[in-house]
Amino acid sequence: MFFKNKWDPRGRHCFVTGGSSGTGLALAVILAKGGADVSIVARNEKRLAKALQILEGARQNPTQILRAYSFAVDSEAGSLAALKAASEPFDGLCPEALFLCAGAARPSYWVDETEETLRHGMQISYWAQACTALVGSKEMVKQGVRGKIVFVSSVLAFFSIIGYSSYSPAKFALRGLAESLQCELKLYDIDVHISFPPTIFTPGYEEENKTKPFITLKIEESDSGLTPEQVAAGIFQGVQNGDFHITTGWIGDMFRASTAGSSPRNSYVWDPLYAAFGYLFLPIWRKSVDYQVQSHREEHYDYLRNTGFLAA
């Protein structure tokens, strides 16, 4: 890594899903400021229009192509339609970099989940990225594009806690997909990266807190979190550096290094130190979380009776 040129987005077509707000929009702005042609994709047309105005403010030259497209990307057909639309201004040439930021959390207790909510969790947080990666990589291979695919998972792909039973499985699945593709897509000189951001203060975070169990909120009280701009900057830096696993902050680095398995390391100097600290301190932190959950038992049973799950 010491002698490898940093990835430069200038003049490249970058495709960003979940690009109408939050981390996706912040990434799109960074890419536009770096001279990239940027296509942002999301469902909500009103938010997309506002996002495109923000993106225009990051324009570096009059020849940059900055576009917004309204598509649902949680199916192969929807992802392909979005990719084809974004490719039209480039004479059908597919994007050179895919930044997959689509996803959302709907926290709740496991006993409040249904088959429908569990499937929905996978749909919005796994399939919304996997389908775009599928159609995007196929187009890259067909066209001989040596591109990049950047998944945005979560620190909750390293561990999980109460309340995230419909969210963490999708984020773990994204990690599994990225691990496989990081190996397989070397056949075509396509780079794969995956980011594991912590709490991000976005409108989506405010929305998820509406359904988040009280005990989960309590556990997360000490979580300082990051802004979308901070997370986007970390992702961009990781991509530039050629990192496969991208984390932001020393806590994320501890989780990453201590759960890396056979994955490529970011640093053979720092990662062993992060892993050693993680080995010592993360189990202690987890015991404190479990203690808080057990202490919440009486309040939880009151909740179950109040909601009618248990007889009063």
Side-chain angles (χ1 to χ4, degrees), residues 1-42 47-69 73 82-83 85-91 93-102 129 132-133 136-137 139-140 143 145-153 178 185 189-197 200 202 226-249 266:
M1 288 298 178
F2 293 109
F3 304 103
K4 189 173 181 179
N5 292 330
K6 287 183 177 290
W7 180 75
D8 186 357
R10 187 170 304 279
R12 302 181 189 273
H13 180 199
C14 299
F15 181 91
V16 184
T17 64
S20 65
S21 63
T23 303
L25 178 56
L27 258 172
V29 168
I30 290 173
L31 294 167
K33 286 181 177 179
D37 298 316
V38 182
S39 298
I40 56 173
V41 181
R47 284 204 296 264
L48 272 172
K50 291 181 179 179
L52 188 57
Q53 290 179 346
I54 294 171
L55 205 55
E56 283 289 347
R59 178 184 289 279
Q60 298 299 294
N61 63 72
T63 63
Q64 272 179 286
I65 298 174
L66 307 175
R67 300 286 177 87
Y69 302 93
V73 293
L83 199 74
S87 300
E88 284 181 8
F90 301 90
D91 298 322
L93 188 65
C94 72
E96 296 165 83
L98 310 178
F99 290 83
L100 310 179
C101 304
Q129 295 192 32
T132 305
S137 57
E139 289 300 313
M140 287 180 185
Q143 297 181 20
V145 174
R146 297 179 176 182
K148 285 186 175 292
I149 299 175
V150 185
F151 295 95
V152 178
S153 180
L185 296 187
D189 283 330
I190 297 172
D191 295 329
V192 174
H193 310 262
I194 181 167
S195 169
F196 302 91
I200 313 172
T202 65
L226 297 173
T227 65
E229 291 74 21
Q230 289 173 312
V231 171
I235 294 172
F236 182 68
Q237 183 180 22
V239 171
Q240 280 199 307
N241 292 342
D243 296 337
F244 172 40
H245 284 184
I246 300 170
T247 46
T248 306
N266 293 359

>> Whether the side chain of Gln237 engages the backbone of Gly234 through a donor-acceptor N/O pair (distance < 3.5 Å, no angle test) should be reported.
In response: no
> So, does Gln64 use its side chain to make a donor-acceptor pair with the main chain of Ala36 at under 3.5 Å?
Replying inline: yes
> What heavy-atom pair brings Val192 and Ala178 nearest, and what distance separates the two atoms?
Replying inline: CG1-O, 3.9 Å
> Between Ala42 and Gly19, what is the shortest heavy-atom contact and its length?
Replying inline: CB-N, 4.4 Å
> For Cys101 and Leu27, which heavy atoms make the closest approach, and how far apart are they?
Replying inline: SG-CD1, 3.8 Å
> How about His245 and Phe196: are their ring centres within less than 6.0 Å of each other?
Replying inline: yes
>> Looking at every heavy atom in both His13 and Ser39, which two are closest together, and how far apart are they?
In response: NE2-OG, 2.7 Å
> When you measure from the side chain of Gln129 to the backbone N and O of Ala102, does any donor-acceptor pair fall under 3.5 Å?
Replying inline: yes
> Looking only at heavy atoms, what is the nearest atom pair of Thr248 and Leu226, with distance?
Replying inline: CG2-CD1, 3.5 Å
> Quick one: does Ser153's side chain get under 4.5 Å of Ser195's, heavy atoms only?
Replying inline: no
> With sequence neighbours left out, what residues match Arg12 under salt bridge (charged side-chain N to carboxylate O under 4.0 Å, His left out)?
Replying inline: Glu96
> Looking at residues at least two apart in the chain, or sitting in another chain, which of them share a salt bridge (charged side-chain N to carboxylate O under 4.0 Å, His left out) with Arg10?
Replying inline: none
> Should the ring pair Trp7 and Phe236 be called parallel, tilted or perpendicular, given that the plane angle runs from 0 to 90° and is split at 30 and 60?
Replying inline: perpendicular
>> Using every non-hydrogen atom in the two residues, find where Tyr69 and Ala85 come nearest and quote the distance to one decimal.
In response: OH-O, 3.5 Å
